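These numbers were taken from a predicted model, which means no experiment stands behind them.
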Amino acid sequence: MHVSAIRSSQVSAARRRAVIDALRRGAVPDSGLDLLATGLDRFEAALDAELDAVASGGSVFKAVRGEYGSGKTFFTRWLGERAKRRNFAVAEIQVSETETPLHRLETVYRRLTERLATASFPPSALRPVVDAWFYALEEDALAAGASEDDLPAEVDKLLTARLAEVSRHAPSFATALRGYRNALTTGDEATASAVLAWLGGQPHVAAAARRSAGVRGDLDHFGALGFLQGLLTVLRDSGHPGLLVVLDEVETLQRVRSDARDKALNALRQLIDEVHSGRFPGLYLLITGTPAFYDGRQGVQRLAPLAQRLATDFTTDPRFDNPRAVQVRLPGFTLESLTGLGGTIRDLYADGADAPDRVRELADDAYVADLARAVGGALGGKVGVAPRLFLKKLVGDVLDRIDQFPDFDPRVHYTLTVSDSELTEVERNLTADDVDLDL
């Protein structure tokens, strides 16, 4: 029996279903990634040490490089799960020219609060986190001997003290929190929600709500860094010792106008320097990108100071890559590792199947290897680009049918077809025509 089969047999039905459903859709699961994490054990010790350092008040910046299909999104969500087990908050942000331009840090902060998640709360967890913070302040005030009558004033003193450092850079962060609490106290839910939206960086908050809270205007680029400091303080005091922020698909910067690209690269350099300066205790900032972004003239290399900060030696054998380095690379899938992942998925599926023995017999390791080879062939022989499509076909076209139809045999009744419409843009560029391959 596979190690993966032993491990998968201990998985709850809900976790198994969530993973399988996501793969059937051709998506990366939001949770349960430890069940699929083949080949990531080499990073575990270094990343866990970094998470522990952040939880102790440090801060970390990390860059992940990998070609399309190498598992960058998988890697970041797997790390997010490890962070949540340490009670971190996590925010995964897709960088894009129109929705989230990197050079507008106020927009990045807004997306961060929209995508904020904890082990207990899905996005956006901003309000539960803020409410938990005020509850913690009340408990601290009561523990220090405050009476019920004195409680509001004592909580306000604690608020001022805890945010003293933040208020040097962004005094309106504490002001908005006071406005939120006051609106709740008076039962004005509409104003409370509006003030919290403003605190989360949302534009166009009603002027009346801003006036009642004593804040003005919208958050700007420089205020965003101060608000991030404030959010880290609130998270820490409400029981979350760290925040993992993922800036995904940073390579999209290569395709924007040159002036916006240069501003974005400089904003990234500024963020890295702020992290290393110690301004953001409790922050783990991770970016992902393709090798072309890190090495090409339209990416990091356009800004010498940024290239210097991210410089990492990848000339040696990948077996000896340093997982503690500022930049780490994901090697991508080979036919062997893709087949291994397929076997893991097959075992996970079988443990929740109606016909587990039939699933394991008809989708044995040899068949899984044949399917992996065929999907790779349909994508121009580039197995490294195949994982998403391979797992989608394996679950939706093969395992589901074996489980539901007693007379279905994938070697007899199934021919792999890859149509243009089911490919992503990158996958489409790698295959010119629809391909039918017999297995």
A.B. asks: For R42, is the CZ atom crowded, meaning more than 12 foreign heavy atoms sit under 6.0 Å from it?
C.D. replies: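 Enclosed: over 12 neighbouring heavy atoms sit under 6.0 Å from CZ of R42.
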A.B. asks: Side chain of S59, backbone of V275: donor and acceptor closer than 3.5 Å?
C.D. replies: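 Such a contact is found between S59 side chain and V275 backbone.
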A.B. asks: Under a 4.5 Å cut-off applied to non-hydrogen side-chain atoms, are F314 and R65 in contact?
C.D. replies: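 Yes; the side chains approach each other to less than 4.5 Å.
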A.B. asks: Are the side chain of E251 and the backbone N or O of F293 linked by a donor-acceptor pair below 3.5 Å?
C.D. replies: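 No; judged by distance alone, with no hydrogens or angles, the pair does not exist.
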A.B. asks: Check the pair T315, D313 against side-chain hydrogen bond (donor to acceptor under 3.5 Å, both in side chains), reporting the backbone distance first and the verdict last.
C.D. replies: CA-CA 6 Å; T315 60; D313 175 22; 2.5 Å; yes
A.B. asks: Which residue pairs satisfy the side chain to side chain donor-acceptor pair (under 3.5 Å) criterion with at least one member in residues 96-105, sequence neighbours excluded?
C.D. replies: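 Sorted pair list: T100-R111, R104-E106.
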A.B. asks: Could you measure the distance from the CZ atom of R279 to the CG atom of L225? Nearest 0.5 Å is fine.
C.D. replies: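 Reported value, rounded in 0.5 Å steps: 5.0 Å.
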A.B. asks: Taking side chain to side chain donor-acceptor pair (under 3.5 Å) as the cut-off, I'd like each qualifying pair that reaches into residues 166-179, sequence neighbours left out, listed once.
C.D. replies: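 For residues 166-179: D156-R178, T160-R178, E165-R168.
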A.B. asks: Just wondering, do V54 and F88 contact through their side chains at under 4.5 Å, heavy atoms?
C.D. replies: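 Of all side-chain heavy-atom pairs linking V54 with F88, at least one is under 4.5 Å.
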A.B. asks: If you measure from CG on N87 to OG on S120, what distance do you get to the nearest 0.5 Å?
C.D. replies: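 Rounded to the nearest 0.5 Å, the CG-OG separation comes to 7.0 Å.
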A.B. asks: Inspect the contact between R269 and D273 and indicate whether a charged nitrogen and a carboxylate oxygen are less than 4.0 angstrom apart.
C.D. replies: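 Answer for the salt bridge query: yes.
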A.B. asks: Could you tell me whether the side chain of L159 reaches within less than 4.5 Å of the side chain of R181, counting heavy atoms only?
C.D. replies: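 The answer is no; the side chains never approach within 4.5 Å.
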A.B. asks: Show every side chain to side chain donor-acceptor pair (under 3.5 Å) that has at least one partner inside residues 198-209, sequence neighbours left out.
C.D. replies: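 The answer is E114-Q202.
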A.B. asks: Below 4.5 Å, heavy atoms only, C-beta onward: do R255 and T252 meet side chain to side chain?
C.D. replies: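 Yes - at least one pair of side-chain heavy atoms lies under 4.5 Å apart.
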A.B. asks: If you count heavy atoms of other groups shown closer than 6.0 angstrom to CD of E139, is the number above 12?
C.D. replies: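 Enclosed.
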A.B. asks: Measure from the side-chain N and O atoms of T290 to the backbone N and O of E67, and report whether any donor-acceptor pair falls under 3.5 Å.
C.D. replies: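 Judged by distance alone, no pair lies under 3.5 Å.
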A.B. asks: For R302, is there an ion pair with D262 - N to carboxylate O distance below 4.0 angstrom?
C.D. replies: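 Yes.
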A.B. asks: side-chain contact (heavy atoms from CB on, under 4.5 Å) between H221 and Q270: does it pass, once the steps are laid out?
C.D. replies: CA-CA 12 Å; H221 178 92; Q270 180 187 3; 3.6 Å; yes
A.B. asks: Run the salt-bridge test on D248 and R115 with the 4.0 Å N-O cut-off and return the result as yes or no.
C.D. replies: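 No salt bridge links D248 with R115.
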A.B. asks: Do you know the tightest heavy-atom contact between A22 and V28?
C.D. replies: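 Residues A22 and V28, closest heavy atoms: CB-C, 4.3 Å.
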A.B. asks: Check this for me, if you would: do D21 and R17 make a salt bridge, where the nitrogen-to-carboxylate-oxygen distance has to be below 4.0 angstrom?
C.D. replies: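 R17 and D21: not salt-bridged.
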A.B. asks: Could you check F75 against F43 for ring-ring contact (aromatic ring centres under 6.0 Å, His included), going step by step and ending with a plain yes or no?
C.D. replies: CA-CA 10 Å; F75 177 92; F43 297 107; 5.4 Å; yes
A.B. asks: Would you kindly say whether Y180 and R127 are connected by a side-chain donor-acceptor distance under 3.5 Å?
C.D. replies: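 A pair is found: one side chain offers a donor N or O, the other an acceptor, under 3.5 Å apart.
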A.B. asks: Quick check: do V398 and Y349 have side-chain heavy atoms less than 4.5 Å from each other?
C.D. replies: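 A side-chain contact under 4.5 Å is absent here.
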A.B. asks: Run the side-chain contact (heavy atoms from CB on, under 4.5 Å) check on L231 and L112 step by step: do they pass?
C.D. replies: CA-CA 10 Å; L231 180 61; L112 191 163; 3.6 Å; yes
A.B. asks: Tell me if the centroids of the rings in F333 and F390 come within less than 6.0 Å of each other.
C.D. replies: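 Distance test on ring centres: not under 6.0 Å, no.
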A.B. asks: Rounded at 0.5 Å granularity, tell me how far CG in D34 sits from CZ in R77.
C.D. replies: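 Result: 14.5 Å between the selected atoms.
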A.B. asks: Ion pair present between R82 and E50, side-chain N to carboxylate O less than 4.0 angstrom?
C.D. replies: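 Judged by the 4.0 Å cut-off on N to carboxylate O distance, R82 and E50 do not form a salt bridge.
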A.B. asks: Is R86 reaching over with its side chain to a backbone N or O of L51, donor-acceptor style, under 3.5 angstrom?
C.D. replies: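 Judged by distance alone, no pair lies under 3.5 Å.
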A.B. asks: Quick one: CG on L184 to CG on D131, what's the gap to the nearest 0.5 Å?
C.D. replies: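 Answer rounded to 0.5 Å: 6.5 Å.
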A.B. asks: Consider only side-chain N and O atoms of S193 and E189, and report whether a donor and an acceptor are under 3.5 Å apart.
C.D. replies: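 Looking only at side-chain atoms, E189 and S193 do form a donor-acceptor pair, the distance falling under 3.5 Å.
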A.B. asks: What's the spacing between R24 CZ and D397 CG if we round to 0.5 Å?
C.D. replies: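 Output value for this atom pair is 11.0 Å.
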A.B. asks: Say you draw a straight line from CZ of F173 to CD of Q229; how long is it, rounded to the nearest 0.5 Å?
C.D. replies: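 Reported value, rounded in 0.5 Å steps: 10.0 Å.
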